[in-house]
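Given the structure is predicted, the values throughout are model-derived calculations rather than measurements.
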Amino acid sequence: MKGDRVEIVVDAGDTTRTYEVVASRAGRRVETAVRRGVVEVSEVTRTGTVVRTARFMSTRVLALVEQPVPREDAAEAAARPLREDPES
(Lines give C-alpha, C1' and ligand atoms only; values in the text may rest on other atoms or scores of the structure.)
Protein backbone atom coordinates (compact mmCIF):
# COMPACT_ATOMS: atom_id res chain seq x y z
CA MET A 1 0.00 0.00 0.00
CA LYS A 2 1.18 3.51 -0.71
CA GLY A 3 2.79 4.91 2.42
CA ASP A 4 4.01 1.59 3.82
CA ARG A 5 7.57 2.03 4.96
CA VAL A 6 10.41 0.14 6.57
CA GLU A 7 13.18 1.77 8.61
CA ILE A 8 16.53 -0.01 8.83
CA VAL A 9 19.08 1.00 11.49
CA VAL A 10 22.60 -0.15 10.59
CA ASP A 11 25.85 -0.20 12.58
CA ALA A 12 28.32 1.90 10.59
CA GLY A 13 31.39 1.44 12.77
CA ASP A 14 31.48 4.25 15.32
CA THR A 15 27.93 5.48 14.55
CA THR A 16 24.56 4.24 13.32
CA ARG A 17 22.78 5.10 10.09
CA THR A 18 19.07 4.96 9.40
CA TYR A 19 17.65 4.11 5.98
CA GLU A 20 14.02 4.13 4.83
CA VAL A 21 12.31 2.27 2.02
CA VAL A 22 8.85 3.69 1.26
CA ALA A 23 6.08 2.52 -1.08
CA SER A 24 5.96 5.72 -3.10
CA ARG A 25 2.97 5.11 -5.41
CA ALA A 26 -0.49 3.61 -5.17
CA GLY A 27 -0.49 -0.16 -5.47
CA ARG A 28 3.10 -0.61 -4.36
CA ARG A 29 4.18 -2.41 -1.21
CA VAL A 30 7.37 -2.97 0.75
CA GLU A 31 8.62 -6.53 1.27
CA THR A 32 11.34 -7.70 3.65
CA ALA A 33 13.43 -10.87 3.30
CA VAL A 34 16.38 -12.31 5.20
CA ARG A 35 18.44 -14.76 3.14
CA ARG A 36 21.96 -16.10 3.59
CA GLY A 37 23.08 -13.39 5.97
CA VAL A 38 21.62 -10.52 3.95
CA VAL A 39 18.59 -8.40 4.85
CA GLU A 40 16.80 -7.29 1.68
CA VAL A 41 14.04 -4.65 1.67
CA SER A 42 12.29 -4.10 -1.67
CA GLU A 43 9.58 -1.85 -3.08
CA VAL A 44 7.36 -4.03 -5.28
CA THR A 45 4.58 -3.22 -7.76
CA ARG A 46 1.19 -4.96 -7.98
CA THR A 47 2.54 -7.37 -10.58
CA GLY A 48 5.56 -8.32 -8.46
CA THR A 49 8.18 -6.30 -10.30
CA VAL A 50 10.88 -4.98 -7.97
CA VAL A 51 11.30 -1.21 -8.29
CA ARG A 52 14.16 -0.69 -5.83
CA THR A 53 16.03 -2.80 -3.31
CA ALA A 54 18.16 -2.06 -0.26
CA ARG A 55 20.55 -4.79 0.94
CA PHE A 56 22.42 -4.93 4.23
CA MET A 57 24.59 -7.53 5.95
CA SER A 58 22.44 -9.03 8.72
CA THR A 59 25.32 -8.82 11.22
CA ARG A 60 25.27 -5.01 10.83
CA VAL A 61 21.49 -4.51 11.12
CA LEU A 62 20.52 -3.27 14.59
CA ALA A 63 16.78 -2.72 14.00
CA LEU A 64 14.23 -3.34 11.29
CA VAL A 65 10.97 -1.45 11.87
CA GLU A 66 7.98 -2.10 9.60
CA GLN A 67 5.42 0.71 9.71
CA PRO A 68 2.29 -0.12 7.74
CA VAL A 69 -0.22 2.56 6.81
CA PRO A 70 -3.26 2.39 9.10
CA ARG A 71 -6.24 1.09 7.13
CA GLU A 72 -9.41 3.21 7.12
CA ASP A 73 -11.65 0.46 8.49
CA ALA A 74 -9.25 -0.19 11.41
CA ALA A 75 -9.07 3.51 12.24
CA GLU A 76 -12.86 3.84 12.18
CA ALA A 77 -13.30 0.79 14.41
CA ALA A 78 -10.88 2.21 16.97
CA ALA A 79 -12.71 5.55 17.02
CA ARG A 80 -16.18 4.04 17.57
CA PRO A 81 -17.30 3.53 21.16
CA LEU A 82 -18.27 0.05 22.30
CA ARG A 83 -22.00 -0.64 22.25
CA GLU A 84 -23.65 -0.94 25.61
CA ASP A 85 -26.24 -3.59 26.36
CA PRO A 86 -29.65 -1.80 26.38
CA GLU A 87 -31.08 -4.27 28.90
CA SER A 88 -28.67 -3.39 31.69
**Message:** Would Asp4 and Val22 count as a side-chain contact (heavy atoms from CB on, under 4.5 Å) here? Give the steps.
**Reply:** CA-CA 6 Å; Asp4 282 351; Val22 180; over 6 Å; no
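Hydrophobic clustering (side-chain heavy atoms under 4.5 Å, transitive across Ile, Leu, Val, Met, Phe, Trp, Tyr) keeps Val65 apart from Val61. When hydrophobic clusters are built by joining Ile, Leu, Val, Met, Phe, Trp and Tyr residues whose side-chain heavy atoms come closer than 4.5 Å, directly or via intermediates, Val10 is grouped together with Val21.
Here CD1 of Ile8 is found 9.0 Å from OG1 of Thr18. Values are rounded to the nearest 0.5 Å. The line from OG of Ser24 to CD of Glu43 is 4.0 Å long, rounded to the nearest 0.5 Å.
The two atoms that bring Gly48 and Arg29 nearest to each other are CA-NH2, 4.5 Å, heavy atoms only. Scanning all heavy atoms of the two residues, the minimum distance from Val30 to Ala23 falls at CG2-N, 3.6 Å.
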What donor-acceptor contacts under 3.5 angstrom involve side-chain atoms of residues 33-40, with partners at least two apart or in another chain?
residue	atom	partner	partner atom	Å
Arg35	NH1	Glu40	OE2	3.4
Glu40	OE1	Arg55	NE	2.8

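Membership of the apolar cluster around Val9 extends to Leu62, as traced through chained side-chain contacts below 4.5 Å between ILVMFWY residues.
Taking 4.5 Å as the limit, every side-chain heavy atom of Glu31 sits out of range of all side-chain heavy atoms of Val41. Between Val44 and Thr49, the closest side-chain pair of non-hydrogen atoms is not below 4.5 Å.
Within the structure, salt bridge (charged side-chain N to carboxylate O under 4.0 Å, His left out) pairs that include any residue of residues 58-68 comprise Asp11-Arg60 (at least two apart or interchain).
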